[in-house]
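In what follows, a single structure is set out as structure tokens and then discussed.
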Amino acid sequence: MAISLALDGLNPQQLAAVTHHQGSMLVLAGAGSGKTQVLTTRIVWLIKENNIGINEILAVTFTNKAAKEMLHRVATQLNIDTKFMWIGTFHSIALRFLTKHYKEAGLPSFFHILDSQDQLNLLKRIVKKANLDETSCSTKELQKFINYQKEQGYRAADLQANNLRHEMSINLYREYETICNNDGLVDFTELLLRSYELFSTNQNILNLYTKQFKHILIDEFQDTNQLQYKWLQLIGGKCLNVFAVGDDDQSIYSFRGAKALNMQAFLQDFNVKQPIRLEQNYRSTSNILNAANAVIDNNCNRIGKKLWTTKNDGNKIKLYEGYTEEDEAYFVVDEIKSLYQSGLKLSSIAILYRSNAQSRILEHFFYTQGLAYRVYGGLRFFDRQEIKHVLAYLRLIKNTSDNEAFLRIVNVPARKIGAKTIEGLQTIAATENVSLFAACKMLDGKAQNCLLQFTNLIHTLQQQCMNQNLTQIINSIIELSGLRQMYLEDKKNSIERLDNLNELVNAVTNFKVEDGQDLVATFLAHAVLESGDGQAQKYDDSVQLMTVHAAKGLEFDTVFVVGLEDGLFPHENCLNQENDLEEERRLMYVAITRAKSELYIIRACSRLIWGKRISAPISRFVNEIPGELINNISGISKIGKNNLEEFNLSGANSNNWISEDRTTNVETKISRIQLNDQDIFLKIGDMVEHVKFGKGKILNLNIDGSKKTAEIFFIGIGKKVLDLTIAKIEKI
DNA sequence: GGCAAGTCTATTTTT
DNA sequence: TAGACTTGCC
């Protein structure tokens, strides 16, 4: 029996969690402790052993990736069609409620979900319309304000101004609400707030679901915010079988409202006497785990747990101290090359960094070394302009009141409908209380013809919608709107954008919905809620580059954590606040615990930040790892082991940031040198190859009349001063 | 519509 | 500082 086999593999704590009977439970699941296995096995156990119906379980996750993984595992263990199961992200579950009860929720039957960028664009227009500028009213701040209020459960009408600025924000919030209601738009937080309000004001509907759901399971509980918690209290309050899994040590999203304190509140509100602790780690070697434990031990605000393993010590953690960010990147890529040559798969290696900007230099070295890599993050498929344009046409076809969609595409491709015409339309729309689309027919003047052509286009597409499938509709949009032609003529990124349009057609063709669902609405929601992975090239075997945040929930054989300097990791903005510093430390904990067998921790003694060369002390988190777990391999630097002494990198041990003025830094000096009858350009920091000494790095250049010399560090040899008029070197 | 000049922004990000 | 993005001008 598959089910008993699944239980056989569990340790006592995991078994207790999986088979927990009555009442709510909190599971404190450490990194690598088999959390997902526990959640999915519990779902299977509930269905198979306790006769719980597949639609009587609600399982909520934070990311689509986690939801998919859960569905996949449940499907394989139960061999059932999981499409009727209530497994999904908070947002997709909320959407499901709202779609079903749109009338009670006060929504039109066809509403569109705004992503963060759409929300920001709309707010920009609102701010502009109110005759405010960025300096007096930052739209990003306004976005934060509105989302925060919604997360607290407040509508604009609930708020009372306590100063002028506050009053302005509230008024703009009110205006935003009005526009969203008129145009049928719902932002991310609105999905949650509106479904919360649906339940709190509509007892019948609430009863329907509190009766239906016998068991509720929540993953990554430490990431829940205030609204999600209140939502859960409403819907899970009567079921009393709420099973929450989380790890307070991996709470890294408090900057966007996550409250790890919800875990403590949960114990009380849901009457959990004794939480279950999963502390056995199945992922990392003992050395790696001990390092993680030692670091996180420095945090005061924790529920407290200690991970252990039966695994061997494994290798020590390798510490490499480069002298610049280039040295750091060079070392990492070179080391990965050796690992690859010794048989390691590239896809089992990850490079983790604190901020996205750090990937650039690494990418450069990967590129020059010809190693396959993949960067996570960045522009996602459904966020690309060409895709958003097509989807905006689709939105407008389905809902001509969607003014945001209208504004996006009315002049894309260009149809001579400029800012003045749009202003005219907006005036008519406001006075006549109609949509911009409807206003097109009312505007007289020069642009009338252009507007007519546009509205005719939309009408034609609407006609086609009646008797075409979605693939045909998307194709029609791309052709008839002129988008394909526009991108054909595009000088930049033409091929890429056309490829993406084709990819969109494929995505639509493969998209399936359940009976009774509105295909277009569902597809549009899918595009917003699951905008998909980064568009980085997918090689079968490539090194994975990502931020530590993005790495949560993943594991790799070999992990390089780079940029371990005070000011970068922990980030400068977090150094002064103890709470912030603790969150940074949790981030470090997440980074370390991603590694299964090999962990490299790396820092640069000096780094170019915002045009200034900064020398920062090594990250305090590195110092929190016991010395006996670390093997400092800086001595085998590919660029020369004496670098650190030679450069007298005082910053390495100082507690303050030392900033050197870039103008006095010789690194920018570029000299033209006559060499082998060929002109080459050399500057400090360049890598060169010498016939006899091999690879090296230029440390200094001395150009004095006809005398041209360079100080170069050669790998494994050390520093040499060479006469550039004779020396046989080549730039590499 | 295209190009040059000017402006902005550098912490993390899922939905 | 540098790159992305926006604005302004012809």
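Lettering follows sequence order; numbering is per chain, from 1.
Residue Asn356(A) has a polar side-chain atom (N or O) positioned under 4.0 Å from OP1 or OP2 of dT12(B). Put simply, Asn64(A) has a side-chain N or O that comes within less than 4.0 Å of OP1 or OP2 on dT15(B). Listed pair Thr547(A) / dT13(B) meets the phosphate criterion, a side-chain N or O lying under 4.0 Å from OP1 or OP2. Residue His549(A) places none of its side-chain N or O atoms closer than 4.0 Å to OP1 or OP2 of dT12(B).
What separates CG of Leu120(A) from P of dT6(C) is a distance of 11 Å, to the nearest Å. Put simply, CG on Asn225(A) is 11 Å from C1' on dT15(B), counting in whole angstrom units. To the nearest angstrom, C1' of dT13(B) lies 14 Å from CD of Glu220(A). When the C1' atom of dT9(B) is taken as reference, atom CD of Glu572(A) falls 15 Å away, rounded to whole Å. Residue Asp383(A) contributes atom CG, which lies 11 Å from atom P of dT15(B) at whole-angstrom precision. The distance from atom CD of Gln358(A) to atom P of dA2(C) is 18 Å, rounded to the nearest whole Å. In this structure, the CD1 atom of Ile93(A) is 16 Å from the C1' atom of dT14(B), given to the nearest Å. Following rounding to the nearest Å, Asn121(A) (CG) and dC5(C) (P) show an atom-to-atom distance of 13 Å.
Counting distance only, with no hydrogens placed and no angle test, the side-chain atoms of Ser116(A) and the base atoms of dT15(B) include a donor-acceptor pair under 3.5 Å.
For Phe556(A), there are no ring pair (Phe, Tyr, Trp, His ring centres under 6.0 Å) partners, not counting sequence neighbours. Evaluation of the ring pair (Phe, Tyr, Trp, His ring centres under 6.0 Å) rule for Tyr196(A) yields no partner, not counting sequence neighbours. Shown here are the side chain to side chain contact (heavy atoms under 4.5 Å, CB included) partners of Asn411(A), two or more places apart in sequence or in another chain: Ala414(A), Arg415(A), Ile417(A). Partners of Ser251(A) under the side chain to side chain donor-acceptor pair (under 3.5 Å) rule, at least two apart in sequence or in another chain, do not exist in this structure. Partners of Tyr589(A) under the ring pair (Phe, Tyr, Trp, His ring centres under 6.0 Å) rule, at least two apart in sequence or in another chain, do not exist in this structure.
The side chain of Lys140(A) lies closest to dA10(B), out of dT15(B), dG3(C), dA10(B). The Arg256(A) side chain lies nearest to dT13(B) when the options are dT11(B), dT13(B), dT15(B).
Note: Phe255(A) and His549(A) meet the aromatic proximity criterion, with ring centroids under 6.0 Å apart.
The ring of Phe255(A) lies on top of the base of dT12(B), close enough and flat enough: under 5.5 Å between centres, under 30° between planes. Evaluation of His571(A) against the base of dT11(B) yields a stacking contact (centre distance < 5.5 Å, interplanar angle < 30°).
Taking atom C1' in both dT12(B) and dC5(C), the straight-line distance is 22 Å, to the nearest Å.
With the nearest nucleotide of DNA chain B identified for both Pro413(A) and Arg354(A), Pro413(A) has the one nearer the 5' end.
Within the nucleic acid shown, Ala414(A) comes within 4.0 Å of sugar-phosphate atoms alone, with no base atom in reach, counting heavy atoms only.
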Where do Ser619(A) and Glu565(A) land on the side chain to side chain donor-acceptor pair (under 3.5 Å) test, with the steps shown first? CA-CA 4 Å; Ser619(A) 168; Glu565(A) 295 121 54; over 6 Å; no
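Using a 30° and 60° split on the angle between ring planes, Phe382(A) and His526(A) fall in the perpendicular class, above 60°.
Within residues 581-593 of chain A, no residue places a heavy atom under 4.0 Å from DNA chain B.
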